[in-house]
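Side chains included, hydrogens not; waters and symmetry mates left out as well; all remaining heavy atoms used.
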Amino acid sequence: MAPHHPRADHHPLAPVDPGPHTHRTRRHAAAHHAGPRPVHPPRPHRGAAPGRPPRGDDRRRTHPLRRGHPAHLCLARPGRWPRHTGHPTDSGNEPRHGTPTRPGLPHLPDAGPGVPEPPPDIYAALVEAARRATADGPLAKVVLARTLRIPVGAPPLDAAPALLSRLAAQDRRAHLFAATLPGHPGGAGPDVLIGATPETLLTRRGDTVVLHPLAGTAARHRHPGRDRAAARSLLGSAKDRHEHRIVVDALRARLAPLCSRLDVPPTPTLHATTRLWHLGTVIRARLHHPPPDALTLAALLHPTPAVCGTPTTYARSLIRRLEPVPRDYYTGLVGWMDRAGDGHWVIALRCGRLDATHLRLYAGAGIVAQSDPAAELAETQAKFTTMLDALTATHDTARLSAESLR
């Protein structure tokens with residue numbers, strides 16, 4: 001099957017790494033191109049993967065939403081995951097600054113110098129252009145991404161299980177995923193999409209659906225007092241609350257026609273990862289009968305303003321013009337759906353694409369009229385550290401993180 005490289009407007013669906021006791025099939029699979037098998041690291045510990053898929057038939061796939069591009073079916077194999085001691089707090093995560101070498105963590109080759117794409121000063125200028133667009137036209141918000149390309153001295157299928165183990169060790173609440181993708185022409189083999197996303201698009205169980213959008217971000221701090229102050233500042237930020245409300249209002253509008261009941265809290269709450277604070281809102285709904293299946297719902301709701309912008313058409317157009325590196329599967333969806341239509345779909349964030357020689361990391365920031373280019377640049381740097389912490393074998397995250405700002 002010929003590889004394809006969708007751009008930002010494709011918004012593909014990427015498969016999650018499998019759980020145990022499963023042999024995956026897909027209804028109407030004959031209508032799609034079968035993709036390569038995913039990497040098969042052991043099963044994540046409790047809470048790491050997006051939901052726990054039921055035994056029996058379910059579907060995991062890479063599927064670009066743009067018509068005319070092939071879908072990819074991934075078949076899963078059983079596995080086991082090594083358990084590691086976490087760092088629980090009342091929020092589930094302590095702020096972390098680097099991943100030191102610890103007994104039990106698999107070895108990864110040291111990463112080379114990272115190359116930011118575009119350079120930071122160019123990204124800041126693009127943010128300013130996007131900010132002006134939100135202030136002067138119909139565009140209310142747009143999400144601009146940048147990348148950091150890091151040499152990795154290991155083949156993708158060798159590096160991915162070790163990297164996933166490190167991601168599992170550093171953040172107990174993240175949704176871990178890894179999926180093989182078509183490699184680049186002339187490459188040595190398949191690429192691997194890998195990450196640890198904090199954001200659930202939706203979970204469907206029967207006629208009940210739950211969404212948990214995240215928008216509005218602040219970096220965490222090692223010092224508890226500064227960390228609490230950062231959380232309070234984010235929760236009280238008019239700019240971040242406005243950015244978050246745009247996302248929540250868009251999801252409410254898309255979901256409302258399908259629901260007999262829709263509960264949307266009036267204010268967001270804090271969601272913690274080891275590196276970041278986010279504003280989040282848990283939305284609960286009861287669907288009309290017959291309820292649409294989880295994949296249909298995911299296609300209806302995605303892309304949200306949290307990863308694209310609003311209005312969607314204007315945001316997509318600006319993303320295509322301003323972002324120099326195609327997103328490929330970044331900001332796509334990762335998840336599963338069973339035969340009953342239940343499922344769990346998360347957004348492919350805090351992730352990277354492993355090829356034969358490099359790991360390309362992705363990070364984005366939501367731009368509104370009140371945005372500051374320097375602050376948005378710093379936000380993307382903070383988002384890179386989720387993967388950088390797992391990639392580095394010693395407390396070398398500061399070096400790679402600094403390279404993302406050069």
Engineer: Which value, rounded to the nearest 0.5 Å, describes the distance between Arg146 atom CZ and Ile122 atom CD1?
Structural biologist: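 Nearest 0.5 Å value for the CZ-CD1 distance: 12.0 Å.
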Engineer: Main chain of Pro161, side chain of Ser165: is a donor-acceptor contact present, judged purely on distance under 3.5 Å?
Structural biologist: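 Yes; judged by distance alone, with no hydrogens or angles, the pair exists.
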Engineer: Looking at Tyr314, is its backbone amide N or carbonyl O close enough to the side chain of Ser317 to form a donor-acceptor pair, meaning the two atoms are under 3.5 Å apart?
Structural biologist: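 Between the backbone of Tyr314 and the side chain of Ser317 there is no qualifying donor-acceptor contact (under 3.5 Å).
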Engineer: Could you tell me whether Arg254 atom CZ has more than 12 heavy atoms of other residues or ligands within 6.0 Å of it?
Structural biologist: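 More than 12 heavy atoms, drawn from other residues, nucleotides or ligands, come within 6.0 Å of this atom.
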Engineer: Look at the side chain of Glu199 and the backbone N and O of Leu214, then say whether any donor-acceptor pair between them is shorter than 3.5 Å.
Structural biologist: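 Confirmed, Glu199 side chain pairs with Leu214 backbone.
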Engineer: Grab the two heavy atoms, one from Pro268 and one from Arg241, that are nearest each other, plus how far apart they are.
Structural biologist: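 Minimum heavy-atom contact is CD-NH2, 3.9 Å.
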Engineer: Going by an N to O cut-off under 4.0 Å, is there a salt bridge joining Arg205 and Asp342?
Structural biologist: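 No salt bridge links Arg205 with Asp342.
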Engineer: Where is the tightest heavy-atom contact between Ala196 and Thr386, given as atom of each residue plus distance?
Structural biologist: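 Between these two residues, the closest heavy atoms are O-CG2, 4.3 Å.
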Engineer: How far does CG of Leu333 sit from NE2 of His344, to the nearest 0.5 angstrom?
Structural biologist: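 Taking CG in Leu333 and NE2 in His344, the distance rounds to 11.0 Å.
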Engineer: Could you check whether any side-chain N or O of Glu117 sits under 3.5 Å from a backbone N or O of Pro324, counting only pairs where one atom can act as donor and the other as acceptor?
Structural biologist: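 Looks like no, no N/O pair under 3.5 Å.
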Engineer: Rounded to the nearest 0.5 Å, what separation is found between the NE2 atom of His221 and the CH2 atom of Trp277?
Structural biologist: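 Going from the NE2 atom of His221 to the CH2 atom of Trp277 covers 11.0 Å.
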Engineer: Run through Thr217, Leu279, Leu235, Val368 and flag the one making a side chain to side chain contact (heavy atoms under 4.5 Å, CB included) with Asp240.
Structural biologist: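 Answer to the side chain to side chain contact (heavy atoms under 4.5 Å, CB included) test with Asp240 among Thr217, Leu279, Leu235, Val368: Leu279.
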Engineer: Which word best sums up how the rings of Tyr362 and Tyr330 line up, parallel for under 30°, tilted for 30 to 60°, or perpendicular for over 60°?
Structural biologist: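 Geometry flag for Tyr330 against Tyr362: parallel rings.
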Engineer: Of Leu211, Val210, Leu297, which meets side chain to side chain contact (heavy atoms under 4.5 Å, CB included) against Arg204?
Structural biologist: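 Only match with Arg204 under side chain to side chain contact (heavy atoms under 4.5 Å, CB included): Leu297.
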Engineer: Looking at CH2 of Trp345 and NE2 of His175, how far apart are the two atoms once the value is rounded to the nearest 0.5 Å?
Structural biologist: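 If I round to the nearest 0.5 Å, the distance is 13.5 Å.
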Engineer: Hey, what do you get for SG (Cys351) to CZ (Phe177), rounding to the nearest 0.5 Å?
Structural biologist: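 One gets 4.5 Å once the value is rounded to the nearest 0.5 Å.
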Engineer: May I ask you to check whether His278 and Thr273 show a side-chain donor-acceptor distance below 3.5 Å?
Structural biologist: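 No donor-acceptor contact under 3.5 Å links the two side chains.
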Engineer: Please determine if Asp249 and Arg245 form a salt bridge, counting it only when a charged side-chain N lies under 4.0 Å from a carboxylate O.
Structural biologist: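 A salt bridge is present here (some side-chain N lies under 4.0 Å from a carboxylate O).
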Engineer: Looking only at side-chain N and O atoms, does Ser371 offer a donor or acceptor that is under 3.5 Å from a partner on Glu376?
Structural biologist: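 Looking only at side-chain atoms, Ser371 and Glu376 do form a donor-acceptor pair, the distance falling under 3.5 Å.
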Engineer: Just how far is it from atom OG1 of Thr304 to atom CG of Leu202, taken to the nearest 0.5 Å?
Structural biologist: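 Reported to 0.5 Å precision, the distance equals 11.0 Å.
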Engineer: Is it true that Asp191 and Arg353 make a salt bridge, defined as a side-chain N closer than 4.0 Å to a carboxylate O?
Structural biologist: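 Between Arg353 and Asp191 there is a salt bridge, with a charged N closer than 4.0 Å to a carboxylate O.
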